[in-house]
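Beneath this line is the structure, given in structure tokens, with notes to follow.
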Amino acid sequence: MNNKVRVRFAPSPTGYLHLGSVRTALYNWLFARQNQGVFILRIEDTDRARSTEEAIKVIIEGLQWLGLNWDEGPYFQMERLDIYKKYAEQLIQEEKAYYCYCTPEELEDIRQSALAEKKPPKYDGRCRYLTEEEKKEYEKQERKPVVRFKTPRKGETTFVDLIHGEVKFENLLLDDFVLLKSDSVPTYNFAVVTDDQLMEITHVLRGDDHISNTPRQILLYQAFNWQLPKFAHFPMILGIDRGRLSKRHGAVSVLEYKKQGYLPEALINYLALLGWGTKESEEIFASEELIKNFSLERCGKSAAVFDLQKLVWLNSLYIRQIPIEKFYFYGREELEKANLIPENTDENYIKKALALEQEKIKLLTDIPNLLEFFFKEDIIYREEAINKVLRKEGTDKILDDSAVFLNAQENFNADHLEEIVRKYCAEKNLNTKQVFHPLRVAVSGKTEGPSLFHMLELLGKERVIKRIEKAKIFTKIVVSG
RNA sequence: GCCGCCAUCGUCUAGGGGUUAAGGACGCCGCCCUCUCAAGGCGGAGAUCACGGGUUCGAAUCCCGUUGGCGGCACCA
């Protein structure tokens, strides 16, 4: 028997690709890669009302962005209806399933009265033993039946979860759940089991929320005499209020994180850490290291709160680490989106500007704001910068002098400029800060930014002088009131 | 209501009977470095290991119970 690991990610295409789903996908992917197994993508689109083409696109795009490549699929359950029908019929034949003609209204009544008696709201199985006459009567009424499973009414179903250990359920608590809906589309539990069997899935790795579906599925495996896969259920990801992570906690869609300027490797790293850790509590893992180190045994059992601050930190760390060529690729995109790059701008100029700010970028989307002054001719002088720096006593004289001696320089490289500015400070008996700060504000409009002299070098003499002249206006305005 | 899962700093976690008045990371605070902002370095605050009972010479660690949180109980997945 072939014992190659085969796992799957089986999202339903309703809406966006949720972070929790992505982590499930990631863990499946890691497990497959680590075991030289097969990672399958299966789209569970049997909910016709909610499934959309758009959502399918989003799943595929999201996984691709994150580099979670799959080896088989995508399979679509709606293209496999004949298969499910065939297996449902087999169960009916073997009297392990039956047609149920109850209407939604009747089912609702059953539920309500059960609830009223403080009993579990489950189907009572009334169609289990219909006579031929009764069936005919219903057929005459043109009722479309569903197929229900004859759930055993005694015994218990036990399984060993790879991360939770033994889990036990009383069969009596389960009801005769639906296998095929009245339109012959399978329900989740039925489709999952037949697909996992036919696709030879060896390990079912999914979210905690499926734990209570597992006994139903196991009962189906047993009805078919199929061998059980191994199960592992990952804990949920929660929002700060410890509720299920949802839109009210902020972005929850993977592609939204792409849009907001996160790097895929940062998101992967962060998600991996949410529910899994090493003995040494290391934090930084590239994908290859995750593949090597990941293990189901080291997955936690308790739900984890999603912490955006830590993601941001990881993101800034990854941004600092990427080589300038790659950073240029991302940076240029952001600058173009913000319409900041004038025509005929030299590639090297952009690259150098980016290099000067790289270590400060937390999100790629920070780039336009931080680099604006390198590209716009009319820079904005921030009010705080004007008040705190430009309006200081003596600043006008310093800017005057600077314009003169900077203008006299042939050599405009950073080291040289630093030398002469420091010399000027010494001659005039000025604290370096008294000169550096006004120059910085004059040239960038801000009090914070990259190293002053590298900034001057990059901007070039012409622009520097022009900006210094412009900044002088602010030194003369006297605040009234 | 019933069933199930879970429970260590604000958050993610390490630690699975004694070497732990619990280690790391994010965040927060302070200092250093420094032309600013970051980054970096150093340090600090922050957890009576949910609570109550056992077991044991000894329990964050094992067992039971309670509480709380979450999940499931659909012709949703």
Side-chain angles (χ1 to χ4, degrees), chain A residues 10-14 44-47 49-51 77 100 102-104 107-108 111 114-123 144-148 161 164 167-170 173-175 177-189 191-192 207-215 233 235-236 238 240 242-244 270 273-284 300-314 316-317 320 357-362 370 385 389 418 421-422 425 431-437 439-441 444 446-453 455:
Chain A
S12 55
T14 54
E44 310 218 320
D45 53 355
T46 53
D47 184 347
R50 293 192 305 152
S51 297
Q77 292 185 323
C100 163
C102 294
T103 63
L107 294 173
E108 190 51 33
R111 247 190 305 275
L115 241 24
E117 290 173 56
K118 305 214 167 187
K119 284 183 180 158
K122 53 173 217 170
Y123 178 62
K144 293 245 175 175
V146 300
V147 175
R148 283 185 188 271
D161 186 286
H164 291 281
V167 185
K168 213 182 275 181
F169 289 86
E170 203 90 41
L173 270 5
L174 271 25
D175 64 358
F177 54 98
V178 172
L179 266 23
L180 243 38
K181 307 176 210 172
S182 54
D183 57 1
S184 291
V185 175
T187 58
Y188 162 75
N189 281 308
V192 163
D208 243 355
D209 47 345
H210 286 301
I211 266 194
S212 36
N213 279 319
T214 309
H233 290 92
M236 304 274 90
L238 309 176
I240 6 86
R242 297 216 143 252
R244 211 187 180 122
Y270 178 70
L273 253 25
L274 216 50
W276 168 85
T278 62
K279 210 175 179 88
E280 292 77 21
S281 284
E282 300 138 301
E283 305 267 305
I284 314 302
K301 296 178 181 179
S302 55
V305 172
F306 182 80
D307 179 10
L308 193 66
Q309 281 183 315
K310 190 151 182 177
L311 206 212
V312 169
W313 168 74
L314 266 170
S316 69
L317 195 110
R320 266 178 269 142
E357 297 279 28
Q358 181 171 3
E359 59 182 22
K360 248 161 277 182
I361 307 295
K362 287 190 170 16
L370 283 174
V389 179
E418 176 158 8
V421 174
R422 283 189 189 276
C425 294
N431 193 316
T432 53
K433 293 183 190 189
Q434 287 175 275
V435 180
F436 290 8
H437 291 183
L439 275 177
R440 162 183 304 287
V441 172
S444 71
K446 306 184 291 183
T447 53
E448 77 280 2
S451 133
L452 173 64
F453 302 102
M455 203 156 78

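Letters go in sequence order (proteins before strands), and every chain restarts at 1.
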Query raised in the report: Base, sugar-phosphate, or nothing for A/Phe169, non-hydrogen atoms under 4.0 angstrom?
Result: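 Sugar-phosphate, no base atom in range.
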
Output the rounded distance in Å from [atom1] ([X]) to [atom2] ([N]).
X        : N      : atom1 : atom2 : value
A/Lys168 : B/rC2  : NZ    : P     : 20 Å
A/Leu311 : B/rU13 : CG    : P     : 14 Å
A/His210 : B/rC3  : NE2   : P     : 23 Å
A/Leu273 : B/rU11 : CG    : C1'   : 12 Å
A/Leu173 : B/rG72 : CG    : P     : 17 Å
A/Tyr123 : B/rG72 : OH    : C1'   : 21 Å
A/Asn189 : B/rC73 : CG    : P     : 9 Å
A/Leu238 : B/rC6  : CG    : C1'   : 10 Å

Closest nucleotide among [options] to the [X] side chain:
X        : options                : result
A/Thr46  : B/rA77, B/rG72, B/rG69 : B/rA77
A/Lys279 : B/rC6, B/rU36, B/rG15  : B/rG15
A/Phe436 : B/rC35, B/rC76, B/rG71 : B/rC35
A/Glu359 : B/rA38, B/rU36, B/rA77 : B/rA38
A/Asp47  : B/rA74, B/rG71, B/rA77 : B/rA77
A/Pro121 : B/rA74, B/rC75, B/rC35 : B/rA74

Query raised in the report: Do the charged groups of A/Arg244 and A/Asp209 touch, with an N to O distance under 4.0 Å?
Result: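 A/Asp209 and A/Arg244: salt-bridged.
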
Query raised in the report: When rounded to the nearest 0.5 angstrom, what is the spacing between NE2 in A/His437 and OG1 in A/Thr447?
Result: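 Output value for this atom pair is 9.0 Å.
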
Query raised in the report: A/Asp208 pairs by side chain to side chain donor-acceptor pair (under 3.5 Å) with which of A/His164, A/His233, A/Lys301?
Result: A/His164

